[in-house]
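Just so we're on the same page: letters track the sequence lines, and every chain starts at 1.
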2 protein chains.
Amino acid sequence: MVGTSPKANSKREDIVEIASRLFYEQGFGATGIKQIIDEVGIAKGTFYSHFQSKEELGLAWLKARHHIWNQWFEDAIAGKGSASTQLIATFDFLASWLKECDYRGCAFINTMAETPNAANPMRGEVMSHKQKLHERFQELAGVHCQDSGEAESVSQTLGTTLYLLFEGALVEAQNFQDSWPIDAARSSAQSLLEN
Amino acid sequence: MVGTSPKANSKREDIVEIASRLFYEQGFGATGIKQIIDEVGIAKGTFYSHFQSKEELGLAWLKARHHIWNQWFEDAIAGKGSASTQLIATFDFLASWLKECDYRGCAFINTMAETPNAANPMRGEVMSHKQKLHERFQELAGVHCQDSGEAESVSQTLGTTLYLLFEGALVEAQNFQDSWPIDAARSSAQSLLEN
DNA sequence: ACTAATTGACCGACCGGTCGGTTTATGCGA
DNA sequence: TCGCATAAACCGACCGGTCGGTCAATTAGT
């Protein structure tokens with residue numbers, strides 16, 4: 001065989017895939033290496049031949065999570081018509097995603113919560129992820145303001161406000177284990193978007 | 001002496017006080033009993049004569065935190081004039097509090113993040129705290145709407161929107177380790193309050 | 001036969017929690 | 001005021017288990 005037939009996951013990918021699920025469901029700190037290697041079906045030493053440390057695996061998790069989550073986000077708003085329709089669709093996406101994950105919340109926010117040390121590299125991944133999401137909201141708001149003839153300065157403010165509502169709804173849905181905050185945020189967003 | 005002169009803290013209060021600081025700064029899961037008793041200056045057995053378990057101490061922490069934080073909140077908005085002025089003052093309070101705690105964020109949100117098990121009693125404390133804060137925002141919004149002759153149905157929506165902005169700003173200030181989200185939320189709130 | 005990958009026993013440190021023993025405080029009869 | 005019994009508070013060694021991480025030995029692939 002040249003190159004292994006059905007392109008099975010590499011062992012490193014297996015580790016990241018399984019660790020990602022456990023880190024998200026249980027938290028990074030609460031998940032031990034033992035559980036990860038048991039579920040992957042490898043020995044401790046094999047794991048440490050792929051990763052220098054648990055933290056390196058944590059970084060790989062967050063990097064992968066960033067891409068997967070962004071994909072979900074973009075898929076959910078793609079081809080939804082106008083920018084304002086897309087912005088509203090982000091709240092529908094939020095509701096269906098959080099319901100599916102049983103209101104476990106955002107991997108990045110949860111990780112930041114258990115990472116008080118400013119020097120922890122995982123913090124950088126959180127900030128970078130949120131930075132890009134914020135920019136995406138501003139981009140969508142920018143298109144909306146162009147569509148409706150608003151000033152550019154307004155779009156910055158609007159994008160940030162919608163982003164804060166999105167994040168607020170996300171964390172409150174987790175706190176209350178219910179989607180009512182998302183419904184409320186969606187309504188607020190609708191009011192903000194109709195001039 | 002009748003009743004011990006300067007009314008020194010009871011040992012149980014000492015434990016809660018010190019544990020509260022450590023739980024908040026480092027996280028509940030990341031803080032060990034050992035560190036708590038060392039800093040209080042008591043032995044393990046003494047601790048377990050005051051608390052059945054670490055979780056019971058965690059509950060005592062959150063209950064105490066609820067009262068202390070509410071006090072901060074109320075003190076910061078008391079005597080600020082109209083309800084709309086008070087609502088804006090909540091964002092000023094948010095900014096000064098988060099700066100003071102070095103953007104460690106909300107003890108309840110952080111605890112929820114590291115508590116995926118739905119049966120964990122600490123979750124109830126989080127939900128109860130946030131429920132009351134949400135109600136407080138709705139109450140303030142209700143007064144504002146009365147002042148400005150708005151309908152009652154609007155005040156519910158307004159209170160929830162401001163609450164979501166408040167919480168969103170709180171968690172994003174933590175993510176970015178900066179107060180710009182609070183400034184942005186304050187501006188949004190101001191727009192929402194001037195009809 | 002040689003190399004690369006994999007193994008799991010093992011390391012010291014720490015986890016939450018228990019328990020038998022010791023110290024300290026109190027009450028009381030004399 | 002003293003001696004003593006009782007009880008409450010406190011102590012820290014110790015429990016089994018888990019933590020992240022290492023490494024010499026073994027296996028598998030070529």
Which donor-acceptor pairs under 3.5 Å do the side chains of residues 39-48 of chain B make with protein atoms, sequence neighbours left out?
residue, atom, partner, partner atom, Å
B/E39, OE1, B/R21, NH2, 2.8
B/E39, OE2, B/Q35, NE2, 3.4

Contact list please: residues 40-58 of chain A against DNA chain D, heavy atoms, distance less than 4.0 Å, in numerical order. A/K44, A/G45, A/Y48, A/S53, A/K54

Residues passing the ring pair (Phe, Tyr, Trp, His ring centres under 6.0 Å) test with B/H66, sequence neighbours excluded, are B/H129

State, with a plain yes or no, whether a side-chain heavy atom of B/F51 is found less than 4.5 Å away from one of B/I15. yes

Please list, chain by chain and in numerical order, all residues satisfying salt bridge (Lys or Arg N to Asp or Glu O under 4.0 Å) with A/E139, sequence neighbours excluded. A/R136

Taking only residues two or more places apart in sequence or in another chain, which ones pass side chain to side chain contact (heavy atoms under 4.5 Å, CB included) with A/E17? A/N9

Within 6.0 angstrom of B/Q131 CD, more than 12 heavy atoms from elsewhere: yes

Can you list the residues that meet the ring pair (Phe, Tyr, Trp, His ring centres under 6.0 Å) rule with A/Y103, with sequence neighbours excluded? none

Look at the rings of B/W97 and B/W69 and say which category their plane angle falls in: under 30° parallel, 30 to 60° tilted, over 60° perpendicular. perpendicular

Residue-level proximity of residues 113-121 of chain A to DNA chain D when a heavy atom falls under 4.0 Å: none

Applying salt bridge (Lys or Arg N to Asp or Glu O under 4.0 Å) to B/E114 and not counting sequence neighbours gives none

Kindly state which residues belonging to residues 24-39 of chain A come within less than 4.0 angstrom of DNA chain D, counting heavy atoms of the residue only, listed by number. A/T31, A/G32, A/I33, A/K34

Holding to salt bridge (Lys or Arg N to Asp or Glu O under 4.0 Å), I want the full list of residues that pass it with B/D38, two or more places apart in sequence or in another chain. B/K34

Suppose we screen for salt bridge (Lys or Arg N to Asp or Glu O under 4.0 Å). Which residues come up paired with A/E167, at least two apart in sequence or across chains? A/K130

Would you check if there is a donor-acceptor pair between the side chains of A/Y163 and B/E172 at a distance under 3.5 Å? yes

With a strict under 4.0 Å distance from non-hydrogen atoms of chain A, what nucleotide opens and what nucleotide closes the contacted stretch of DNA chain D, reading 5' to 3'? D/dC19 to D/dC23

